[in-house]
Amino acid sequence: MELSKNYNPADIENKWYAHWLQKGYFKSTPDNREPFTIVIPPPNVTGVLHMGHTLNETVQDILIRKARMSGYNACWVPGSDHASIATEAKVVGMLKEKGIDKNNLSREEFLKYAFEWKEKYGDIIYSQLKKLGCSVDWNRTTFTMDDHYYNAVIKVFVDLYKKGLVYRGARMINWDPVATTALSDEEVEYKEITGKLYYIKYFVKRETSNVKEESSSHLSPLTSGDEFIVIATQRPETIMGDTAVCANPRDKRYSNLKGKSVLVPLINKRVPIIFDEYVDKDFGTGILKITPAHDINDYNIGLKHNLAIVDTLNEDGTLSEAAQIYVGEDRFVARKKIVEELKQKGHLVKEEEYQTRLGYSQRTNSVVEPKISTQWFVKMKELASPALQAVVDGEIKIHPGEKFLATYKYWLENVKDWCISRQLWWGQQIPAWYDEEGNLFVAESKEEAGKLYYEKNGIKSPPPGVVWRGLQDQDVLDTWFSSWLWPMEVFNGISQPNNDEINYYYPTQVLVTGQDIIFFWVARMIMAGMEYKKEKPFSDVYFTGMVRDKQGRKMSKQLGNSPDLLELIDKYGADAVRFGIMISSPAGNDLLFDEASLEQGRNFNNKIWNALKLIKLWEGRTKTVTSYQLPVTGYREPATGNFALTWFENRLNEVSIEIESLYKQFRLSEALKIIYSLIWDDFCSWYLEWVKPGFEQPIEESVYYKTVYFFEQLMQLLHPFMPFITEEVYHLLREQKEDLTVKQFSKLEKPQLTKDLKDSIEVTEISKQLIQKIRDFRNKKGIKKDKTISIYSEGSLQVDELNNRIKIVNAELKKLNIHGDLPDKGKILNIELVLIGTYKFYLDLGNIEETFQNILIKRKQQELTQELARLKDFLVSVEKKLSNERFVQKAKAEVIELERKKKADAEIKIKIIEESLSTI
RNA sequence: GGGAGCAUAGCUCAGUUGGUUUAGAGCAUCUGCCUUACAAGCAGAGGGUCCGCGGUUCGAACCCGUGUGCUCCCA
């Protein structure tokens, strides 16, 4: 069979994904194995996968594939989120392009468009997941607006309402004037900006306060002698909503104003001067305007002092009738105009810049308005405490822990009620109906609500044929009010409690998600799980960091630094993309995305491919030389390759054990690194070179099959990370009974090595180091590879054992003569002393010019003297340690033993170097 | 303003309970190689005030204190 020069992923990847699907490997149904369940963080239904998703999905796929190969019933549930605001905004935008205004549509018409949109674009993410190789159970695909899911959300809402945990009320909430909906606190992002503080004159009313309020038209023009105060504000466009001004009662500057009023500029509305400890004497002028409708602090002061609330803004952020002036103008346009007018009329004292924080809507990026509004809320305190407990007790483990535990704790301990109603159409409509008097009836259906209505009015059963005329609340629920049920309702755990599936799959094992949604989603899922299953939704949470570009900037469309996943897969292959993103992503740290790492992944594919090509070359020319089998009892040095098999088998075992432990700690990036190095360095650079027969020479059959076996093992280790190439290579190596995707890992045992095997491995390790020294020697001295070097080995090592290991087929190692003890130390000057551990070797330079020889000798003397000094210092420090009674008393036995060995080794080395110096 | 975390090679990061002689890896850099699987390759090398200062200890990259700088969360 002819294998291509380089590895070409495209066809191979598509072929295998189709094959896996056709075999149904990713399907899961409850059985008597232990389950390993992951629910995907559902991406927005109309979105595309970005690099953040790619990282998340890759991590999940690695974990689920590992579980599938380790005897678990692995179940990874895919799905998507209706993403209320985001999707509605997209649909509105799409309609606008078609020339359709949402306001001219009925709810039903709009939803029809929205569902069409969802049908059209909802599959994009799924096809991307397939391209990436995600082994999700496609039979379980769930959408947060599926019928059963919709019903579950309604059911939970009604249930929480009945428990008194959901309530309706007027509160100050965050209002998004672009999406024209309320938001939760979490949907507001604060940004530091340079704002302006305007200092505005408010004239003090001369009369005392018991005069009836006058309408502005009757006021006489202001005169220059009038007393005034100056108020600093960043929002001059809200002065029309002022209902008081306020100073600190201990502020002497304003104590004379007690009982007086001021006139609000431009509209000449009279408002009282009040006093409250809240006011900071040192901020601005020490006196504040109080605008209860447009600031949360003002609102609280307003409640305390019983002030009127004048809302001067419309829902879309334009000034309302209540503002009296600039009605219908946008708030920011109005601000400019009002500042201008204040300036003209002599009210503006000064403007100054200052740093402040402004809230922006997460979805529309518009400046959020604090607004008094009647909305639906969830009481969070009661739900929070079991959710807090589960994490504090370690029932749910967060990775990486230290970083997020504190954040999680703080949020839950200070949690505020959750505003869950949204003035949108795309989502679950709130199951509350109102009668003509505005009385509220919460039930899972209109029919049920009607019953409540009749009950309330003392009517046993409604007249036949009469349909109750209750009107349903127009709002929908926050997206997260549906996603917090995700780990339960993907198994119908809310709509059909205690069904077989939920009982089998819940709690899930790991949740893999971005740290940015710890409050939005993670904390709330735990709350919902504790409330409805009385059990945690998952055992471990793995937080991935944010994917940034290589300069550390966030990925964004504007910067154009957000690469297209499918293009990357086309260019490098899915395995390389997975490799690239995993190799540079320590858990929880931000990942600086660099295409260079994908290139590294592609090169790795190619390396594997070439190793395969090499082994395939040997396939037809195996021959039986000895009947070599592993494990051997009684180590003996065979003619070919045995030491390499022993050595590599041992490496494979060591690394497999290490990987297992890294998986347990979710240190996937480290696991991939050591597999990479095991394949590239240990397998390709050392092992294959050792067992490689000469050009067109036969290979011992047992070595060949063992090599194939090793390669299979390597492919299996790597499979969770790079599923496609590993499956392909696995099948190309030889006829296989099963696919790698479902091949089970064999149980790992720490190998019991006999002394002979241990010795063999040790000699191999020494030989590796000696080979490196020889190569270095050639490089540094510029000795061409066709020139023979003589090596003298002094001590216990067998020359023929070294010969086997060192004279491998690489050209630069062919020309070697390995001898025992150096015959005459005194006479041969052009030698290089090499110390490996306490083993001593001499590399012979051969004949060289006398002057050059002198230089070399001098340099060598210098080197050896330096090394000697270093060793002596070292010896002193070790001896000091060992002679210190407190050390000998306190330190552990192994540590002391180690120090003794260090001492002995150092003494030997000093002796060798001294000897060597004396002969030069 | 409150809280958390981080600082180790040019870059990105490992470094386990304080103890393995000279603190590791990948990438990048430099040098030499068309060696028969692989130039998407091979072989080798250089590169460190473990952020500064002080302390604890027989012993500190690691523990404690302090200063500086950066990041994130919350108000």
Side-chain angles (χ1 to χ4, degrees), chain A residues 3 5-7 185 190 296 357 400 402-411 414 515-516 518-519 545-546 550-552 572 576 583-586 588-592 594 596-597 599-618 661 665 667 669-670 672-674 676-677 680-681 684-685 688-689 692-697 771-780 782 784-785 809-814 837-838 867 870-871 873-875 877-878 880-892 894-899 901-906 909:
Chain A
L3 295 176
K5 181 172 188 294
N6 288 331
Y7 176 65
D185 296 344
Y190 291 89
I296 180 68
R357 269 168 32 106
E402 333 75 51
K403 220 169 172 176
F404 298 107
L405 186 64
T407 317
Y408 179 83
K409 226 177 125 178
Y410 183 86
W411 188 76
N414 297 280
Q515 48 194 277
D516 50 329
I518 182 167
F519 307 134
M546 195 184 290
K550 64 177 166 186
Q551 285 137 51
Y572 298 99
I583 201 77
S584 46
S585 73
N589 275 18
D590 283 355
L591 179 153
L592 302 189
D594 187 349
S597 66
E599 216 169 296
Q600 197 188 345
R602 182 199 58 187
N603 296 354
F604 186 35
N605 277 326
N606 205 42
K607 186 76 185 176
I608 294 169
W609 188 248
N610 276 292
L612 173 76
K613 272 162 61 185
L614 176 65
I615 292 171
K616 293 311 274 184
L617 278 180
W618 305 340
S661 124
Q665 301 165 64
R667 300 175 61 164
S669 181
E670 276 93 336
L672 178 57
K673 276 178 191 162
I674 66 171
Y676 175 78
S677 161
W680 199 303
D681 303 327
C684 293
S685 298
L688 289 180
E689 293 299 339
K692 181 155 81 177
F695 185 54
E696 296 196 336
Q697 293 296 301
I771 287 170
Q772 283 172 325
K773 292 283 183 191
I774 296 167
R775 285 167 172 165
D776 186 27
F777 185 68
R778 280 198 192 270
N779 258 334
K780 285 228 173 90
K784 291 262 157 27
K785 54 180 178 275
V809 293
N810 274 22
E812 87 271 17
L813 295 168
K814 274 180 182 162
T838 54
E867 177 67 2
R870 193 191 63 78
L871 277 168
D873 279 354
F874 175 72
L875 185 64
S877 81
V878 176
K880 202 172 136 197
K881 206 183 264 190
L882 280 167
S883 61
N884 184 318
E885 267 178 47
R886 297 177 69 178
F887 170 70
V888 180
Q889 263 169 26
K890 286 183 187 173
K892 280 183 284 185
E894 305 112 71
V895 175
I896 296 170
E897 192 47 47
L898 203 66
E899 293 299 318
K901 181 158 189 323
K902 282 189 209 170
K903 184 178 172 231
D905 285 357
K909 285 184 188 178

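The chains referred to below are lettered A, B, ... by the order of the sequence lines, with proteins before strands, and numbering in each begins at 1. Every value quoted in this text rests on a predicted model; they were computed, and no experiment measured them.
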Nearest nucleotide by nearest heavy atom, which residue falls closer to the 5' end of RNA chain B, Lys909(A) or Asp185(A)? Lys909(A)
According to a strict under-4.0 Å criterion, is Arg602(A) in side-chain N/O contact with OP1 or OP2 of A40(B)? no
Asn6(A) CG to Asn603(A) CG distance, which is reported to the nearest 0.5 Å: 9.5 Å
Phosphate OP1/OP2 of G26(B): any Ser597(A) side-chain N/O under 4.0 Å: no
Ile771(A) vs Arg775(A) side-chain heavy atoms within contact, under 4.5 Å: yes
Ser685(A) side chain to Glu689(A) side chain, donor-acceptor N/O pair below 3.5 angstrom: no
Which part of the nucleic acid does Trp618(A) contact within heavy-atom distance under 4.0 Å: base, sugar-phosphate only, or nothing? nothing
Min side-chain heavy-atom separation Trp609(A)-Leu3(A) under 4.5 Å: yes
Considering every strand and a 4.0 Å limit on heavy-atom distances, what is the contact class for Ala596(A): base, sugar-phosphate, or nothing? nothing
Base of A43(B) paired with side chain of Glu689(A) (donor-acceptor, under 3.5 Å): no
If we take the P atom in both U56(B) and C62(B), what is their distance in whole Å? 15 Å
base_contact_polar (C38(B) base, Lys607(A) side chain, donor-acceptor, <3.5 Å): yes
Pairwise P distance, G10(B) and G52(B) [rounded to whole Å]: 14 Å
Let me have RNA chain B in dot-bracket notation, would you? Count Watson-Crick plus G-U wobble pairs, both distances under 3.5 Å, and use [ ] for pairs crossing earlier ones and | for inter-strand partners. (((((((..((((.....[....)))).(((((.......))))).....(((((..]....)))))))))))).
Separation of the P atoms in U12(B) and C74(B), to the nearest angstrom: 26 Å
A45(B) and A60(B), which share atom name P, separated by this distance in whole Å: 30 Å
Mapping Tyr410(A) and Tyr676(A) to their closest nucleotides on RNA chain B, which lands nearer the 5' end? Tyr676(A)
Classify Glu599(A) by what it touches in the nucleic acid, base, sugar-phosphate, or nothing, heavy-atom distance under 4.0 Å. nothing
Taking any heavy-atom pair under 4.0 Å as a contact, classify Asn606(A): base, sugar-phosphate, or nothing. base
Say whether Lys613(A) and Asn610(A), considering side chains only, have a donor N or O and an acceptor N or O under 3.5 Å apart. yes
P atoms of A75(B) and A61(B), separation to the nearest Å: 41 Å
Take atom P in C42(B) and the same atom in G26(B), then report the distance between them in whole Å. 12 Å
Separation between the P atoms of G46(B) and G41(B), rounded to whole Å: 23 Å
Counting any heavy atom closer than 4.0 Å, what does Lys903(A) reach on the DNA or RNA strands: base, sugar-phosphate only, or nothing? nothing
How far, in whole Å, is G67(B) from G2(B) if one measures between their P atoms? 14 Å
State whether Asn414(A) places a side-chain N or O below 4.0 Å from either non-bridging phosphate oxygen (OP1 or OP2) of A75(B). no
